[in-house]
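Side-chain atoms are counted along with the backbone in the values below, which use heavy atoms only and exclude waters and symmetry mates. Everything numeric here is computed off the predicted structure, so don't read it as measured data.
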Amino acid sequence: MKFSKYDADALRRNFRQRFQAEPLLVCSPGRINIIGEHTDYNEGFVLPAAIDKAVYVAISKRNDDNIALASLAFNKTYTCKIAEVRPLKSWTDYVLGVVDQLSKHSIVIGGFNLLLDGDIIIGAGLSSSAAVECSVLYALNELFALGLSRIQIVKMAQAAEHEFAGVKCGIMDQFASVFGKADHAIQLDCRSLEYQYVPLHMEGIRIVLFNSNVSHSLASSEYNTRRQQCEQGVAWVQQQMPEVKSLRDVSLELLQQHVLPKDALIYKRCKYVLEENLRLLAACDDLKKGDIAALGQKMFRTHEGLSKEYEVSCSELDWLVQYVRNEKNVLGSRMMGGGFGGCSINLVKENAVDALVEKVSAQYREATGLTLSAYAVQIADGTEKLL
């Protein structure tokens, strides 16, 4: 499976032709999450890593207060004044939401031209929206010398998604995009935002994403339902222990005492989150020892939890994980992301990748009637300015 590198020089040339100006270039990567799913909004741990699929922004100052936007991916343009920024329920929201955040923080910028492109697969659960927000904010920070720190960029990008795009995401996506480090995952505590880099020494192993190419309409409503179920479990524990703030503070014993007698389904949801946090911390130990096989087994167990206990998988993702479970060249696999579609993440022996992709693609089409897309990704650095 060959890697294709994004042509940033072509973006630069396109920008010059459109705007007759020399641009500043910034890229911000998408991310994978190795283990730790649906733990972020429960103040738990996640283990993301930035990948070599990114959003690229070319930007320059203007002499007026206009914002002139263009997207190569969508072949669209949009212009407005800084003072007239508003949500449009389109690709522009992820750019303009960042401008809105700067305004809310009383940070003054001038007009700018911006050309947006990239090679992240949209809709595959690789957090293209967070990459847009982070790249634009980083670019504006550089262009107007705003002096924002990386953690300020992360928090403002997340707020833009909440308040402008209307998506109540956790902080993992933006954090991984900005703080990514080549050959490392990030063990992130979603409560304190303390983090440490965990080495990803995966000699002879490739990370391969199988995109199911399905997106079920349940995704957003069920996501909100899971959040509510977790919050209800916490509320029942809080009745006896007011010091409890989130599932992070709850033990399995407390769940059995205060949640199971009231609702077996909510108990099952909360239990998955507690066990996933423990699995993640153990997986970090596996990585520090270089034990990829042990990590892989935990990924299989996570998928089982997401499918049977948290119930956010779908038949297509279950098929993909079940199919590779008995493949000797696959060390681990699970669904990745919010659920009900998107990708499975797989740890595959390097010399077996091409044959596996061919085999799985043919069988997936036969089983589901759908076309499978496969991507091998490498772990990359976070948001940066390109020379």
In this structure, are over 12 heavy atoms from other groups packed under 6.0 Å from Q257 atom CD? yes
Can you give me the closest heavy-atom contact between C284 and Q187, atom names plus distance? SG-OE1, 3.2 Å
Is there side-chain contact between L146 and L102, with heavy atoms separated by less than 4.5 Å? yes
Are side-chain heavy atoms of K262 and V259 found at a separation under 4.5 Å? no
Do Y197 and M172 belong together in a cluster built from hydrophobic side chains that touch within less than 4.5 Å? yes
Atom of D119, atom of D52 and distance for their closest heavy-atom approach: OD2-O, 4.1 Å
Any donor and acceptor pair, going by atom type alone, linking the side chain of E276 with main-chain N or O of E37 inside 3.5 Å? yes
If you count every heavy atom of other residues, nucleotides or ligands that lies below 6.0 Å from K76 atom NZ, does the total exceed 12? no
Using atom types as modelled and distance alone, determine if a side-chain donor or acceptor of H184 lies under 3.5 Å from a backbone N or O of L200. no
Between OG1 on residue T39 and CZ on residue R248, distance to nearest 0.5 Å: 10.0 Å
Would a distance-only check, ignoring hydrogens and angles, find a side-chain to backbone donor-acceptor pair under 3.5 Å from Q20 to Q17? yes
Hey, what do you get for CE (M299) to OG (S344), rounding to the nearest 0.5 Å? 8.5 Å
At their closest point, which heavy atom of A165 faces which heavy atom of Y94, and how far apart are they? CB-CE2, 3.6 Å
Table please: side-chain donor-acceptor pairs of residues 136-144 below 3.5 Å, with sequence neighbours left out.
from	atom 1	to	atom 2	distance (Å)
N141	OD1	G147	N	3.1
N141	OD1	L148	N	2.8
N141	ND2	L148	O	3.2

Would you say the side-chain atoms of N33 pair up with the backbone N or O of L47, donor to acceptor, closer than 3.5 Å? yes
Indicate the atoms forming the closest heavy-atom contact of R206 with A376, along with that distance. NH2-CB, 4.3 Å
Any donor-acceptor N/O pair, D93 side chain to L88 backbone, under 3.5 Å: yes
State whether the number of non-hydrogen atoms from other residues, nucleotides or ligands found under 6.0 Å of N75 atom CG is greater than 12. no
Side-chain heavy atoms under 4.5 angstrom apart, residues restricted to Ile, Leu, Val, Met, Phe, Trp, Tyr: same cluster for L295 and L278? no
Answer with yes or no whether the side chains of S373 and N213 bring together a donor and an acceptor at under 3.5 Å. yes
Would you find more than 12 non-hydrogen atoms of other residues, nucleotides or ligands less than 6.0 Å from K385 atom NZ? no
Quick one: does any side-chain atom of R226 pair with a main-chain N or O of Y310 as donor and acceptor, under 3.5 Å? yes
Between the main-chain N or O of A130 and the side-chain N or O of Q174, is there a donor-acceptor pair closer than 3.5 Å? no
Does a donor on one side chain and an acceptor on the other come within less than 3.5 Å for E316 and S212? no
Could you tell me if the side chain of F340 sits less than 4.5 Å from the side chain of L317, heavy atoms only? no
Ring centre gap for Y41 and Y223 strictly below 6.0 Å: yes
Between F45 and R279, is there a cation-pi geometry (under 6.0 Å to ring centre, at most 45° from the normal)? no
K104 vs D100, test: salt bridge (Lys or Arg N to Asp or Glu O under 4.0 Å). Steps then yes/no. CA-CA 6 Å; K104 285 177 175 173; D100 179 62; 3.2 Å; yes
Pair F175 + Y195: ring centers closer than 6.0 Å: yes
Is any side-chain heavy atom of Q228 closer than 4.5 Å to one of Q232? no
Show the nearest heavy-atom pair for residues Y323 and Q363, with the distance to one decimal. OH-CG, 3.2 Å
Quick check: do V85 and F164 have side-chain heavy atoms less than 4.5 Å from each other? yes
Given R301, K271, R269, K268, the one that forms salt bridge (Lys or Arg N to Asp or Glu O under 4.0 Å) with E309: R301
Between L347 and I207, does a side-chain contact (heavy atoms from CB on, under 4.5 Å) hold up when you go through it step by step? CA-CA 5 Å; L347 305 181; I207 296 172; 4.1 Å; yes
Check the pair V234 / E231 against side-chain contact (heavy atoms from CB on, under 4.5 Å), numbers first and verdict last. CA-CA 5 Å; V234 171; E231 287 162 8; 5.6 Å; no
Looking at V95, V98, V57, which one forms a side-chain contact (heavy atoms from CB on, under 4.5 Å) with V132? V95
Side chain D65, main chain G111, donor-acceptor under 3.5 Å: no
For the pair R150 (side chain) and T383 (backbone), establish whether a donor and an acceptor sit closer than 3.5 Å, ignoring hydrogens and angles. yes
Between I379 and M202, is a side-chain contact (heavy atoms from CB on, under 4.5 Å) present by the stated rule, with each step listed? CA-CA 11 Å; I379 307 307; M202 299 178 66; over 6 Å; no
Is a side-chain donor or acceptor of H258 paired with a backbone partner of L254 at a separation under 3.5 angstrom? no
For a 4.5 angstrom cut-off between non-hydrogen side-chain atoms, does E222 reach V312? no
Is it true that, when you exclude R365 itself, more than 12 heavy atoms of the residues, nucleotides or ligands shown sit nearer than 6.0 Å to its CZ? no
Please lay out, stage by stage, how L96 and Y78 fare under the test side-chain contact (heavy atoms from CB on, under 4.5 Å). CA-CA 11 Å; L96 300 179; Y78 179 76; 3.8 Å; yes
Side chains of N66 and T79, donor plus acceptor under 3.5 Å: no
State the CD-CD1 distance between Q229 and I266, to the nearest 0.5 angstrom. 5.5 Å
Measure the CG-CG distance between L72 and N14 for me, rounded to the nearest 0.5 Å. 5.0 Å
Take the angle between the ring planes of W91 and F74 and call it parallel below 30°, perpendicular above 60°, tilted in between. parallel
Looking at N63, I'd like to know if its CG atom is crowded, meaning that more than 12 non-hydrogen atoms belonging to other residues, nucleotides or ligands lie closer than 6.0 Å. no
Pairwise distance CG(N42) to CG(D249) - rounded to 0.5 angstrom: 11.0 Å
Which of S177, S135, S128 passes side chain to side chain donor-acceptor pair (under 3.5 Å) with S28? Answer is S177
E366 atom CD, over 12 foreign heavy atoms within 6.0 Å: no
Closest approach of N277 to G44 (non-hydrogen atoms, all atoms of both residues): OD1-CA, 3.4 Å
Close side-chain approach of V214 to C314, heavy-atom, < 4.5 Å: yes
Interatomic distance, CG@L114 vs OG@S60, rounded to 0.5 Å, equals 9.0 Å
Which one of I35, I34, T302 satisfies the side-chain contact (heavy atoms from CB on, under 4.5 Å) criterion with L280? I35
Just wondering, do F300 and S333 contact through their side chains at under 4.5 Å, heavy atoms? yes
